[in-house]
Amino acid sequence: MTPDDPPREGPRIVLHVDMDSFFAAVEVREHPDLAGKPVVVGADPKEGEGRGVVCTCSYEARNYGIHSAMPISRAYRLCPDAVFLSPRYPLYSEVSERIMAILRGYADRFQQVSIDEAYLDVSSLQNYEWAATMAARIKDDLLSEEHLSCSVGVGPGKTIAKIASDMQKPGGLVVIRPWQVPELIHPLPVTRIPGIGRKTAIALRQRGISTIGDIPRTDIQVLRDIFGKGAVQIRDLAYGIDTSEVRELSGSKSISRETTFVQDCDDPGQILDTLRGMAEILVGDLEQFDLLARTVTIKIRFSDFSTITRARSLPCQTRDPRAILCTARDLAFPFLAGRKIRLVGLRLSSIALIDRNQKTIGDFLA
Ligand code: TTP
Ligand code: MG
């Protein structure tokens, strides 16, 4: 177990968050007069002569049959009155970064998978009801902070969570507990399983498999012919066993600790004591591995599951508990009055191995 792994008790619970018509939604947000109109982001249609493809389009444009990767000339023929816009990648990246920062704050472990999609391991919540409450809170947060809508799926692993997030787009929130897989997932076509494309679907159909529910009824050898080593995993999935775990990708080096209070807490003294305890543990971790850290991030989750994170970088890398705790206190202080708090977390990042020639924080402190 690494210092970033949360303690595992109870079931694994994973959220998949996918923004709705992402590029188009950002454009509509930037031009509110486009709300409700068919909006297509992609190559210039040049009145039907354009080359290139559709990046994405609003759900209003989807009603005309337009979709991602379609030739832009075809999209133009389907709806010449749509608003056609060129993509603005730097804008979408900037918005994506802010979204991912919000989402990361909600996760025990976090894995971004594309510009508008991420998995959040929230197993520390310990039950699906709380995970559903958190999913609703995330949707509210993204709407109020970024004015953007997303769909969230909740499941026992990444694959089922992703299938769930796709089931009620746009604006969906679908929770699939392992025992609900037969009822909710078995009726779906096999192509809803991420990674099963058209070719595999044809091979499956030739063997009488068209829905996910057909999979457990099929001889494992037939599944092996199509999926090779992945056959058991696919069959397990249809039984509600989803082993795909959220993995923090390398490069996001940090150590963190979180504490969920037995009862929601509004005592600033107790919260600051908890932060001190976590700072001491994290400094111990830094010492053990001969590391220093520079960025201090605190996370506070309130009783209604709304969550804030605040970060500050110190003038240089350190493992001085006083410097870390003072920073954490400063960051947390504005949030300690009035509202009940469910969880506090402390993360240290921008981590590096000790360089004996480097200045220490003591050089900066009075
Ligand atoms: P998606 O999440 O696949 O699509 P989306 O967010 O537009 O719509 P949905 O509500 O169905 O999730 O992709 C995210 C963004 O990636 C999308 O807004 C534009 C870009 N993209 C492309 O540029 N080309 C493509 O073929 C696809 C699929 C996406
Ligand atoms: Mg999307």
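Computed from a prediction, not measured in an experiment: that's the story for all the values here. Counting starts at 1 for both ligands and their atoms, in listed order. Hydrogens, waters and symmetry mates are skipped; everything else that's a heavy atom, side chains included, is used. The residues of the chain are indexed from 1 along the displayed sequence.
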For Asp18, take its heavy atoms, then give the atoms of ligand 1 lying under 4.0 Å from any of them.
-> 2 (O), 12 (O)

For Thr56, counting its heavy atoms only, list the atoms of ligand 1 lying under 4.0 Å from any of them.
->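 What qualifies from ligand 1 is 5 (P), 7 (O), 17 (C), 18 (O), 19 (C).
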
Parallel, tilted or perpendicular: rings of Phe23 and Tyr92 (30°, 60°) = parallel

So is there a nitrogen or oxygen of [X] less than 3.5 Å from a nitrogen or oxygen in ligand 1?
X     : result
Phe22 : yes
Arg62 : yes
Met19 : yes

Has the side chain of [X] got a donor or acceptor atom that lies under 3.5 Å from a matching backbone atom of [Y]?
X      : Y      : result
Asp116 : Phe22  : no
Arg276 : Leu325 : no
Ser21  : Ser58  : no
Arg12  : Asp242 : yes
Ser123 : Ile13  : yes
Ser244 : Thr159 : yes

Is the shortest side-chain N to carboxylate O distance from [X] to [Y] below 4.0 Å?
X      : Y      : answer
Lys169 : Asp20  : yes
Arg177 : Glu129 : yes
Lys46  : Asp44  : no
Lys162 : Glu117 : yes

Any [X] heavy atom less than 4.0 Å to ligand 1:
X      : result
Tyr59  : yes
Glu117 : no
Pro170 : no

How close does the nearest protein non-hydrogen atom get to [atom], and which residue and atom is it?
atom                    : value
atom 26 (O) of ligand 1 : Ser68 CB, 3.7 Å
atom 1 (P) of ligand 1  : Asp116 OD2, 4.0 Å
atom 18 (O) of ligand 1 : Phe23 N, 3.0 Å
atom 25 (C) of ligand 1 : Cys55 O, 3.6 Å

To the nearest 0.5 angstrom, please state how far the CZ atom of Arg312 sits from the CD1 atom of Ile298.
-> 10.0 Å

Number of protein N, O or S atoms [distance to the Mg ion (ligand 2) under 2.8 Å] =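 Step by step: take the Mg ion (ligand 2), keep protein N, O, S below 2.8 Å, and you get 3.
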
